[in-house]
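Encoded as structure tokens, the structure appears first; notes follow it.
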There are 2 protein chains.
Amino acid sequence: MSTSNAKTSVRSYHHGDLRAELIRSAQVLLEREGVTKLSLRAAARLAGVSQTAPYRHFTDKAALLAAVAAVGFRGLAAAMRRGAARAGSAEKRMLEIGSAYLAFAVENSAVFRLMFGSEIPDKAAHPELRWAAEDAFAVLAGEMPAGPDGSDAAIAAWSFVHGLATLLIDGQIRSEMSAGAPFDPVALTRRFGRFLDFSKARVGRQT
Amino acid sequence: MSTSNAKTSVRSYHHGDLRAELIRSAQVLLEREGVTKLSLRAAARLAGVSQTAPYRHFTDKAALLAAVAAVGFRGLAAAMRRGAARAGSAEKRMLEIGSAYLAFAVENSAVFRLMFGSEIPDKAAHPELRWAAEDAFAVLAGEMPAGPDGSDAAIAAWSFVHGLATLLIDGQIRSEMSAGAPFDPVALTRRFGRFLDFSKARVGRQT
DNA sequence: TCGGGTATGTTGCCGTTGTCAACATTGGGA
DNA sequence: TCCCAATGTTGACAACGGCAACATACCCGA
């Protein structure tokens with residue numbers, strides 16, 4: 001928003017990089033109003049462009065949403081990688097990755113819901129989105145030993161942290177937590193993650 | 001559909017139980033076309049009633065969706081209870097409950113997505129929905145020891161199985177599974193659930 | 001330099017949806 | 001029996017996704 005290019009005010013017909021600006025507009029609307037108020041027309045309005053201009057860059061409303069979701073996955077992956085880099089031991093890295101996942105979900109809940117919800121029908125039809133999602137998963141899987149056991153452990157870890165994030169932003173387990181606490185993702189991950197045990201997957205091989 | 005009551009054809013102005021019929025119509029549309037094609041008007045059409053008749057029974061489109069989701073939560077709770085009743089030991093009960101959760105999500109994926117998605121904004125505004133959700137969670141929590149540790153363990157278990165279900169119906173981990181297998185929820189729950197360890201929560205107390 | 005083709009953006013339009021206001025019908029209680 | 005409140009209908013409005021036809025401007029080759 002503070003990075004708005006000066007061109008915006010003086011452009012005469014062509015925009016310059018409307019595609020990127022539409023994605024940004026969609027993100028703004030998503031954060032501000034929620035996914036129900038995010039329409040192609042609203043994004044176009046916010047970008048200062050006619051209501052059908054987006055169709056020159058996205059075949060569909062779903063295509064715009066998929067692009068926004070893909071950006072979200074890249075952000076999630078980056079956050080997890082930052083978390084992993086912060087810690088040394090394998091134990092601590094898993095903890096950091098999990099809490100990065102949780103923090104991302106809570107701080108970007110609208111995008112997170114878009115990434116995993118059903119607003120984008122047939123996500124498989126958007127390769128960019130699939131790649132971004134697979135790359136995010138790869139961060140988690142990279143912490144696990146190779147082989148089928150490690151793969152299963154990665155899925156279990158992902159399932160756990162993903163479920164926890166989902167239920168959290170849905171308010172489904174808010175009452176169960178220490179209400180009033182200011183959301184400490186590391187503490188939450190440690191508190192609930194202590195029921196996970198990946199030692200079985202680790203004995204077979206090493207990192 | 002085969003259970004259409006005979007009254008439908010001879011009703012003259014008042015329907016009899018339009019509220020229930022609208023919920024049924026919405027379920028049918030949801031299963032048949034997905035959540036994107038589920039509109040108030042379509043439900044009204046399917047119920048053979050004018051497009052604004054639903055507003056006599058639901059304040060909102062969200063209210064109809066919430067009612068459908070609440071029915072879903074009741075079905076999920078019932079499925080888990082059936083699973084729990086099928087097994088004796090605590091271990092086996094957890095396994096059955098988890099696989100019932102998974103089976104429900106896969107076999108009723110559209111309703112499941114509605115239950116946990118963002119199509120219903122502000123779910124807290126629908127008490128019936130909240131009660132149904134809390135009752136479903138109570139099935140899981142009932143398997144855990146009382147006290148804070150047991151509560152945490154219940155949340156961890158719920159998070160795990162919920163995340164697994166979500167990622168499954170999203171196709172996000174399909175490639176990781178033995179492709180082509182005909183979906184065995186019990187096997188899946190056992191395979192990934194082996195990384196969970198609730199013995200720490202059990203030592204404090206008993207069932 | 002210039003002319004045209006193509007990428008990009010606009011205008012006008014259509015069918016559908018959620019929702020409101022005003023009106024119609026009916027069944028059940030006084 | 002009669003009337004009122006519950007229930008259902010008609011008509012309308014704005015917003016939406018998406019199509020078709022048209023306008024503009026940038027770029028590339030002659």
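Keep in mind it's a predicted model, so treat the numbers as computed, not measured. Numbered from 1 within each chain, the chains take letters A, B, ... in sequence-line order.
- Near-neighbour residues of DNA chain D inside residues 114-123 of chain A, defined by a heavy atom below 4.0 Å, are absent.
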Checklist entry - Going through the checks in order, is the side-chain contact (heavy atoms from CB on, under 4.5 Å) test met by A:L76 and A:V111? => result CA-CA 10 Å; A:L76 173 59; A:V111 180; over 6 Å; no

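- Taking atom CG on A:L38 and atom P on D:dC16, their separation rounds to 10 Å, with Å as the unit.
- Rounded to an integer number of Å, the gap from CZ of B:R45 to P of D:dT9 is 14 Å.
- Across the protein-nucleic acid pair, B:Q51 atom CD and C:dC20 atom P stand 14 Å apart, rounded to whole Å.
- Straight-line distance from the CG atom of B:L22 to the P atom of D:dT7: 13 Å, rounded to whole Å.
- Note on B:R194 versus A:D149: salt bridge recorded, some NZ/NE/NH1/NH2 to OD/OE distance being below 4.0 Å.
- Using a cutoff of 4.0 Å between basic side-chain nitrogens and carboxylate oxygens, B:R81 and B:D135 are scored as salt-bridged.
- A donor-acceptor distance shorter than 3.5 angstrom exists from the side chain of B:R130 to the backbone of B:A124, with no hydrogens or angles considered.
- Remark on DNA chain C: of its neighbouring residues B:K61 and B:R56, the 5'-side contact belongs to B:K61, judged by nearest-heavy-atom nucleotide.
- Taking only side-chain nitrogens and oxygens, A:S39 comes nearer than 4.0 Å to OP1 or OP2 of D:dC16.
- Note: CZ (A:F58) to P (D:dG17) measures 14 Å, nearest angstrom.
- Between the side chain of B:R41 and the base of C:dT19 there is at least one donor-acceptor pair of N/O atoms closer than 3.5 Å.
- One donor-acceptor pair, N or O on each side, does fall under 3.5 Å between the base of C:dT11 and the side chain of A:T52.
- Atom pair A:D17:CG and C:dG9:P shows a separation of 9 Å (rounding to whole Å applied).
- The 5' end of DNA chain C is approached more closely, in terms of each residue's nearest nucleotide, by A:H57 than by the other of A:H57 and B:L40.
- Counting to the nearest Å, the C1' atom of C:dC14 and the OH atom of A:Y55 are 13 Å from each other.
- Taking the six-membered ring for Trp and thresholds of 30 and 60 degrees, B:F116 and B:Y101 have ring planes inclined between 30 and 60 degrees apart.
- When each of A:F137, A:F104, A:F112 is paired with A:H162, the ring-ring contact (aromatic ring centres under 6.0 Å, His included) condition holds for A:F112 and for no other.
- Atom P of nucleotide C:dT16 and atom CD of B:E33 are separated by 14 Å, given to the nearest angstrom.
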Item to check | Check against side-chain contact (heavy atoms from CB on, under 4.5 Å), A:F198 and A:M94 | outcome: CA-CA 10 Å; A:F198 295 119; A:M94 284 298 292; 4.2 Å; yes

